[in-house]
Amino acid sequence: MKICFATNNPKKIEEVKAALGGRIEILSLRDIGCLEELPETGDTLDHNAFQKAQYVRDHYGVDCFADDTGLEVEALNGAPGVYSGRYAGEPRSDERNVDLLLKNLEGISNRKAQFRTVIALLLEGEAYAFEGVAKGEIIDQRRGTKGFGYDPIFVAEGKKETFAELSMEEKNKISHRGKAVAQLVDFLKQKNS
Ligand code: IMP
């Protein structure tokens with residue numbers, strides 16, 4: 001079985017390949033010759049994940065899956081959500097996104113938040129979705145240098161460290177994306193057995 005993961009992020013590809021243990025061949029966008037930017041115009045994570053997967057299937061004729069992630073902050077009615085990557089506008093900047101989120105949460109005591117990942121899979125003419133959630137809270141100052149995005153200000157439930165203070169392995173075990181990937185991998189292993 002060969003499936004395209006509609007991303008060029010080498011860390012994401014590596015994570016899925018490691019979880020699959022070589023049973024299924026995973027191709028990146030570059031591997032299938034897709035060099036253009038994928039459309040991502042929806043206002044939900046589901047919409048964007050399916051939109052990306054559908055684009056790849058329709059234009060390149062391959063089975064594929066795509067992911068979309070957002071940070072949903074309770075006191076901000078779920079913002080930045082699907083707009084997490086460009087919360088502070090273009091060009092995208094993790095630094096400015098974190099600054100803006102901290103500013104918007106100034107003086108607010110409810111710091112509850114969750115990361116949510118949706119993976120859309122198009123396989124043999126059928127569509128499937130997998131979701132992973134990591135609940136936690138937003139602290140008021142950055143801590144840690146690992147990871148990316150909002151990791152330095154997010155502490156998962158039951159942890160003391162921010163995501164940016166955890167090793168990649170520790171983060172993957174409890175993260176939104178790690179959980180969604182684990183479900184996808186279980187599903188693909190069953191299909192392929
Ligand atoms: P994407 O859908 O994986 O591209 O994620 C969209 C945006 O959400 C990223 O640009 C980051 O700002 C944020 N994000 C996604 N995953 C994580 C994570 O694991 N830690 C911190 N921020 C993340």
Side-chain angles (χ1 to χ4, degrees), residues 5-16 18-19 28-29 34 37-56 64-73 76 78-105 111-121 129-139 141-157 159 161-184:
F5 185 177
T7 183
N8 273 321
N9 181 329
K11 283 186 185 168
K12 290 186 182 177
I13 300 257
E14 189 129 326
E15 186 185 339
V16 172
S28 69
L29 288 173
C34 174
E37 205 165 308
L38 302 182
E40 216 177 334
T41 56
D43 54 10
T44 64
L45 299 175
D46 284 66
H47 184 128
N48 282 348
F50 275 107
Q51 190 179 19
K52 289 186 276 188
Q54 259 153 17
Y55 179 92
V56 170
C64 75
F65 59 91
D67 69 329
D68 206 37
T69 296
L71 174 64
E72 300 169 334
V73 179
L76 302 176
V82 71
Y83 306 108
S84 294
R86 51 208 141 113
Y87 189 39
E90 303 278 358
R92 293 168 177 236
S93 154
D94 287 348
E95 188 77 8
R96 288 191 297 115
N97 288 342
V98 168
D99 284 343
L100 180 61
L101 183 59
L102 290 178
K103 187 167 160 277
N104 289 344
L105 282 175
R111 312 291 291 198
K112 281 190 200 158
Q114 64 178 27
F115 279 112
R116 195 159 65 86
T117 294
V118 174
I119 296 179
L121 169 68
F130 306 91
E131 185 183 88
V133 171
K135 288 182 186 290
E137 59 177 35
I138 305 296
I139 57 171
Q141 277 184 351
R142 292 171 168 86
R143 280 191 348 232
T145 53
K146 300 187 190 97
F148 69 103
Y150 300 89
D151 281 347
I153 54 167
F154 182 82
V155 176
E157 265 177 11
K159 290 275 172 196
E161 304 88 348
T162 65
F163 267 1
E165 293 175 309
L166 298 176
S167 67
M168 199 170 78
E169 238 177 28
E170 285 172 312
K171 180 185 161 189
N172 286 346
K173 269 190 229 158
I174 56 168
S175 81
H176 43 295
R177 195 166 26 255
K179 289 175 185 169
V181 165
Q183 286 179 44
L184 169 79

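For ligands, and for the atoms within them, numbers begin at 1 and follow the listed sequence.
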Can a salt bridge be assigned to the pair E165 and R143 using a cut-off of 4.0 Å between side-chain N and carboxylate O?
yes
Under a 3.5 Å distance rule, please check whether R111 uses its side chain to pair with a backbone N or O of I138 as donor and acceptor.
yes
Any donor and acceptor pair, going by atom type alone, linking the side chain of K173 with main-chain N or O of G178 inside 3.5 Å?
no
Salt bridge (Lys or Arg N to Asp or Glu O under 4.0 Å) filter on D151, not counting sequence neighbours, yields K171
Pocket residues of ligand 1, ordered first by chain and then by residue number (heavy-atom cut-off under 4.0 Å)
K12, D68, T69, S84, G85, F115, F148, G149, Y150, D151, K171, H176, R177
Using the rule given for side chain to side chain contact (heavy atoms under 4.5 Å, CB included), can you reason through F130 versus V118, listing the C-alpha separation, both sets of side-chain angles and the distance that settles it, and then say yes or no?
CA-CA 6 Å; F130 306 91; V118 174; over 6 Å; no
Angle class for the F115/Y150 ring planes (parallel below 30°, perpendicular above 60°, tilted otherwise)?
tilted
